[in-house]
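Please see the structure below; I have some questions.
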Amino acid sequence: MMLSGLIFLWRCRPRESYPLPMKPICILNGPNLNLLGQRQPEIYGRETLADIHARCEKRATALGLAIDFRQSNHEGVLIDWIQEARAKASAIIINPAAFTHTSVALLDALTAAELPVIEVHLSNIHKREPFRHHSYVSRAATGVICGLGSKGYELALDALAERLQSIAETRDV
Ligand code: DHK
């Protein structure tokens, strides 16, 4: 087929067939989230982090996305992972847990990553103790979801799928 014919077919392809980005979405979880299921279930629910990981894998597969799901109790490790994501991921979902309210270093790492970032909290931090009402991380976040339990992670994936698709389409035209 002539090159002009190929170009015509490429431009006329259905919009749904746009490929989603190949780089995974990095999902990071901060301190004490390894204890989910046992830790204050009246606040954080009965699901374990492994349950949340499984829900994210299922949702990501349905959306045609790959994920890289991790947890650490250490601020420096989370920062190293954010720096790694800068090159290797298409976006970041982060529940920074207690570091939300303390860490300028996480804010700086997320800002430097120059990626779409969704901040997720299982609980509604605004309904809790005053020291939880402020988030350093939110300044670097594209969006923030809190108070919806593990559903927040799935909603973050939905939002990023749409956003990444529109970024890909913008690059494509
Ligand atoms: C989890 C934590 O561990 C707390 O330190 C935050 C967040 C809230 C959550 O709701 O997921 O304050």
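Atoms within a ligand are numbered from 1 in the order they appear, just like the ligands themselves.
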Heavy-atom count check: over 12 atoms from other residues, nucleotides or ligands less than 6.0 Å from R55 CZ?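 Atom CZ in R55 is packed in, count exceeds 12.
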Does one side chain, of N29 or Y153, offer a donor that lies under 3.5 Å from an acceptor on the other?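 Short answer, yes.
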Could you tell me whether the side chains of R128 and S123 share a donor-acceptor contact shorter than 3.5 Å?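 Yes, S123 and R128 have a side-chain donor paired with an acceptor closer than 3.5 Å.
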Cut-off 3.5 Å, side chains only: do D51 and T48 have a donor facing an acceptor?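 Note: D51 and T48 side chains meet the donor-acceptor criterion.
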For ligand 1, is R39 a contact, meaning one of its heavy atoms is under 4.0 Å away?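 The answer is yes, since R39 has a heavy atom less than 4.0 Å from ligand 1.
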Which residue and atom name correspond to the protein heavy atom nearest atom 9 (C) of ligand 1, and how close is it?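 Ranking protein heavy atoms by distance from atom 9 (C) of ligand 1, first comes L122 N, 3.4 Å.
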If only side-chain N and O atoms count, and only distance matters, is there a donor-acceptor pair under 3.5 Å linking N73 with Q71?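 Yes - a donor-acceptor pair under 3.5 Å links their side chains.
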Got more than 12 heavy atoms from elsewhere within 6.0 Å of CD, Q40?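 For Q40, atom CD is crowded (more than 12 foreign heavy atoms under 6.0 Å).
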Test item, N95 contacting ligand 1 (heavy atom, 4.0 angstrom):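 N95 counts as a contact of ligand 1 under the 4.0 Å cut-off.
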What is the nearest protein non-hydrogen atom to atom 10 (O) of ligand 1, stated with its residue, atom name and distance?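 For atom 10 (O) of ligand 1, the nearest protein heavy atom is S123 OG, 2.6 Å.
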4.0 Å heavy-atom contact, F99 with ligand 1: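 Outside the 4.0 Å threshold, so no.
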Is A98 close to ligand 1, meaning an N/O of one under 3.5 Å from an N/O of the other?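 N/O-N/O distance below 3.5 Å exists for this pair.
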Going by distance only, is there an N or O of R128 that falls short of 3.5 Å from an N or O of ligand 1?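 No - when backbone and side-chain N and O of R128 are compared with those of ligand 1, no distance drops under 3.5 Å.
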In terms of side-chain heavy atoms, does E119 have a donor or acceptor partner in T100 at a distance below 3.5 Å?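 Per modelled atom types, E119 and T100 side chains form no pair under 3.5 Å.
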Within a distance under 4.0 Å of any heavy atom of H101, pick out the atoms of ligand 1 and give their elements.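 Once the distances to H101 are compared, the set is 6 (C), 12 (O).
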What is the closest protein heavy atom to atom 2 (C) of ligand 1, and at what distance does it sit?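 Among all protein heavy atoms, the one nearest atom 2 (C) of ligand 1 is Y44 OH, 3.5 Å.
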Ligand 1 N/O within reach of L33 N/O, cut-off under 3.5 Å: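 No, L33 has no N/O under 3.5 Å of an N/O on ligand 1.
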Is the shortest distance from a Lys or Arg side-chain nitrogen in E84 or R70 to a carboxylate oxygen in the other one below 4.0 Å?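 A salt bridge is present here (some side-chain N lies under 4.0 Å from a carboxylate O).
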Classify the contact between R132 and ligand 1 as side chain, backbone, both or neither, using a heavy-atom distance cut-off of under 4.0 Å.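 Answer for R132: side chain.
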